[in-house]
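Note that the numbering runs from 1 along the sequence shown for the chain.
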Amino acid sequence: MLKSLKTYQLLFLRLILILFGIEFSIYLHKINFVFAPIFGFLIVFLLIIELYNYVKSIILLYDKTISSIIQNDFSSDFSKHKSEKNDLFQLYDILKNKQNEQVSKDIIYSSILNNIETGIIILQKQEKDWNVFLMNDYFSTHFNVPKFSKWKYLKSHLPSLCEIIEKDDFQEIKTSIEISINQQNSQTFVLQASRTEIFEHDYFIVLLDSIQNVVEKKRKMPGLI
């Protein structure tokens with residue numbers, strides 16, 4: 001853990017000072033200096049306390065760094081320790097940079113998903129239930145559905161959609177569906193859904209496109225299915 005050469009040097013220096021203080025106090029005692037040995041042992045005691053606090057500060061610093069990595073919290077700043085060239089701080093910086101890159105990618109992907117005219121909702125399986133992992137703005141706005149996190153709430157707003165998904169047991173679907181929005185006349189949508197597993201997490205992806213949008217896309221791209 002204490003891989004920094006500077007840390008080893010400082011620890012070694014403190015130990016040398018303590019040993020020197022002990023030897024010097026013993027020497028003063030042997031030559032019958034009355035108060036000097038007491039003073040010497042007091043200095044040794046203070047050096048031991050200082051050594052304890054130094055080691056404690058190092059351990060607390062490493063514990064904080066490891067805890068930050070485990071909790072995926074990279075808000076702490078360990079830049080002043082970079083000069084020590086310690087593997088742990090280098091690992092922290094690498095993971096922090098990777099997280100920043102991932103956050104940037106997530107923002108870009110989210111922006112893309114929220115700006116396409118197709119309703120997208122992604123469900124994630126949690127034990128035996130499904131939760132809403134992602135709902136893009138078009139889906140929420142077009143179907144007048146708040147961005148719920150629970151499947152049961154979505155089901156209460158769009159029962160016709162959810163019943164078809166449940167009927168096929170959250171498996172691949174490609175069909176048309178009639179959906180009534182705000183108790184108005186129902187509209188026809190193309191429903192495409194697929195299920196995938198990523199890093200042991202089960203996801204169900206639902207795409208909803210109005211027939212009018214599909215026709216427009218086919219006009220612009222004849223080869224589009």
Find out if a path of hydrophobic residues (ILVMFWY) with successive side-chain heavy-atom gaps under 4.5 Å connects [X] to [Y].
| X | Y | result |
| --- | --- | --- |
| Y109 | I122 | no |
| F143 | L134 | no |
| I177 | L158 | yes |
| W130 | I173 | yes |
| F139 | I116 | no |

Residue pair [X] / [Y], side-chain heavy-atom distance below 4.5 Å:
| X | Y | answer |
| --- | --- | --- |
| V132 | I121 | yes |
| F189 | D209 | no |
| I164 | L191 | yes |
| I179 | L208 | yes |
| K96 | E101 | no |

Please answer whether the main-chain N or O of [Y] pairs with a side-chain N or O of [X] as donor and acceptor at a distance below 3.5 Å.
| X | Y | answer |
| --- | --- | --- |
| Q171 | D169 | yes |
| D202 | E197 | no |
| T65 | L61 | yes |
| D137 | N115 | no |
| S111 | I107 | no |
| N131 | K150 | no |

With no hydrogens and no angle check, just 3.5 Å: does a side-chain donor-acceptor pair link Q124 and W151? no
Side-chain donor-acceptor pair under 3.5 Å between Q102 and D106, yes or no?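 Yes, side-chain donor-acceptor contact under 3.5 Å.
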For the residue pair H142 and Y138, does the interplanar ring angle fall in the parallel (under 30°), tilted (30 to 60°) or perpendicular (over 60°) class? parallel
Whether F170 and F204 hold their rings parallel, tilted or perpendicular, with breakpoints at 30° and 60°: perpendicular
First locate atom [atom1] of [X], then atom [atom2] of [Y], and finally report the distance between them rounded to the nearest 0.5 Å.
| X | Y | atom1 | atom2 | result |
| --- | --- | --- | --- | --- |
| S140 | H157 | OG | NE2 | 10.0 Å |
| L60 | S67 | CG | OG | 11.5 Å |
| N136 | S110 | CG | OG | 9.0 Å |
| Q192 | K174 | CD | NZ | 5.0 Å |

Are any of the side-chain nitrogens in K155 or E166 under 4.0 Å away from the carboxylate oxygens of its partner? yes
Considering residues, nucleotides and ligands other than K98, do more than 12 of their heavy atoms fall under 6.0 Å from its NZ?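 No, NZ of K98 has 12 or fewer neighbouring heavy atoms, counting only those of other groups under 6.0 Å.
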Working for side-chain hydrogen bond (donor to acceptor under 3.5 Å, both in side chains), residues T188 and E178: CA-CA 5 Å; T188 304; E178 298 286 332; 2.5 Å; yes
Would H201 and F133 count as a ring pair (Phe, Tyr, Trp, His ring centres under 6.0 Å) here? Give the steps. CA-CA 11 Å; H201 290 288; F133 177 77; 8.7 Å; no
Assess the residue pair T118 and L113 against the criterion (side chain to side chain contact (heavy atoms under 4.5 Å, CB included)); give the C-alpha distance rounded to whole Å, side-chain angles, the decisive distance to 0.1 Å, and a yes or no. CA-CA 9 Å; T118 297; L113 290 175; over 6 Å; no
